[in-house]
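Below: the structure, in structure tokens.
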Amino acid sequence: MRSGAKVAIVGGAFVLVAGGLSYGAYTVLTGDGDVGIGSQSAPAEVKSGPPDAKEIAAASKAFFDAWSSGNGSLASQLTNNAVDAEPVLTGYSTEAHIENPVITPGPAVGATVPYTVKATVSYEGKSRPLSYSSELTVVRGLTTGKALVDWQPSVVHPKLTKGAKLVTGEPSAPEIEAVDHNGTVLTAEKFPSLGPVIATLRQKYGEKAGGSAGIETWIEGPDEATPDITLLTLAKGKPGKVRTTIDADVQAAAEKAVKQYDEASVVAVRPSTGAIRAVANNPVTEFNVALEGQQAPGSTMKIVTAAMLLERGKATANGAVECPVDVMYQGRTFHNLNNSSLPDGSSFTQTFANSCNTGFIKLIDDVDDDSALAKEAKEVFGIGEDWKTGVTSFDGSVPEETGGEAAAQYIGQGTIQMNVLNMASITATARTGTFHQPVIVPLDLDGRPAATASRSLPSSVVQQLTTMMRATAAWGTGAKAMASVGGDKGAKTGSAEVDGQGKSNSWFTGFSDDLAAAGVVQSGGHGGDAAGPIVAAVLRAG
């Protein structure tokens, strides 16, 4: 294995598609329809339009027969992209050492044919069965008019992507046994969201951990930055132990919480140290949305905006702030959720706890510095400072803007890009006043330098900011979600509007004692309704 990184070992066969026939190795016609030598026949008319059912059945059968017989070259000619298909189909036997595939097609759904594959992987005297499901689509060839398999790498295996390949052999990096901070073993089977994390940790630290390699079948990514995906283990090696900062109990709560929604992510961080206690996504993909995602965080960003206003003396927790229904700033109109407002004389704490957008926008002229928020985010909260978490992460972005775009940033919209790791860290920094770069493996594991912020928040600002977050959790927009959370607690809700999306993304962040967490639910609406219960469940577990 090139990098040695893994996501998950596939245990057991996929469910077979009902019906259909099994194909082994059969004699296959080329399907090219070439005119015989010396023939003077007129060229056949080139067909057009979608393939009919008979053509779909014939094209898929010819492809399955060629593939199952081990003739990758012939099988590639039965696709609409033989150049890309040939090395993948040929490598199925020569590099992946997959033998005797039996392909069982199911009933076609339009031009798409689902099927299952049952085969044997054999390498250096070791053999194991491999089973999986996939599908192909039959299309009309643009120049020949023939029915051909539309080439996608996923035709050969559902996890195969462009530029990747199937390989069987001895990986360059040994397996690892990832454990939490208390020594509890962490596996992708028990904690699915940690699959991509464990894969990256193996890639980076497998050799350092001192284990020995076994024999595996894997999908090798197209580049060094892409973790490989283990499909099968023919012979286990001796794993080396890698200690993480994860807490198994908090991780279990996070995994369960995100399952409530189709698209949700959450991260928990310890404010006093930056230790990441949980990372969870639903669905789980190779792209770790919780750590690598980039989207507007909505009003959860008001934590940073409030810190900036408090530091610059433009507001105080008890000072009065206007909160009208709407306000215009340099040609852009801003409004509050449900066109709400607050009575005259309301405090900045009330404005924050009720997530009043207009109250924040009306303070922009007092600041008189369009770059103020970007400076605060970087200098105090460490946003964009190249975090060395131990795995791949996006570390937030608050570009310097002007006019209406700068105003939109005050309420977490516009060009600001964050993920739940960033927002959990921002909450942790607000809790203590000092940025501690989040880590998922200790810094001393490889001596990597931590990112640092250039300054901490003054103690008076920390006191006011946490007071405002406590109010949000006690009687503000976060009260319902945080009602079940004990300890010294605070929160901030957010609803991030997205162009072309009917319902806003739901954001929520909060703390309880020495644990901070942030969550997002795509198209979840108000922050307290969807993301709030996810964060609360994680905080309770901590």
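Count residues from 1 along the sequence.
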Greater than 12 external heavy atoms within 6.0 Å of N182's CG: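 Yes, CG of N182 has more than 12 neighbouring heavy atoms, counting only those of other groups under 6.0 Å.
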
Hey, is [X] close enough to [Y] for a salt bridge, meaning N to O under 4.0 Å?
X: D180; Y: R243; value: no
X: R312; Y: E376; value: no
X: D514; Y: R270; value: yes
X: E400; Y: K378; value: no

Gap between atom CG of L421 and atom OG1 of T389 - 0.5 Å precision: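 Reported value, rounded in 0.5 Å steps: 7.0 Å.
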
Inter-residue atom distance D249.CG - T184.OG1, 0.5 Å rounding: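 One gets 7.5 Å once the value is rounded to the nearest 0.5 Å.
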
Close aromatic pair by centroid cut-off 6.0 Å: Y115 and Y132: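 So the answer is no for these two rings.
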
Polar side chain donor-acceptor pair, R540 to S484, under 3.5 angstrom: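 The criterion, which ignores hydrogens and geometry beyond distance, is satisfied for S484 and R540.
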
Pairing residues for D386 by the salt bridge (Lys or Arg N to Asp or Glu O under 4.0 Å) criterion, not counting sequence neighbours: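 By the salt bridge (Lys or Arg N to Asp or Glu O under 4.0 Å) rule, D386 matches K388.
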
Contacts of D488 that satisfy salt bridge (Lys or Arg N to Asp or Glu O under 4.0 Å) - sequence neighbours left out: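 With neighbours one apart ignored, the set is R431, R470.
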
Which pairs would a plain distance check flag for residues 317-328, meaning a side-chain donor or acceptor within less than 3.5 Å of a matching protein atom at least two apart in sequence or in another chain?
none

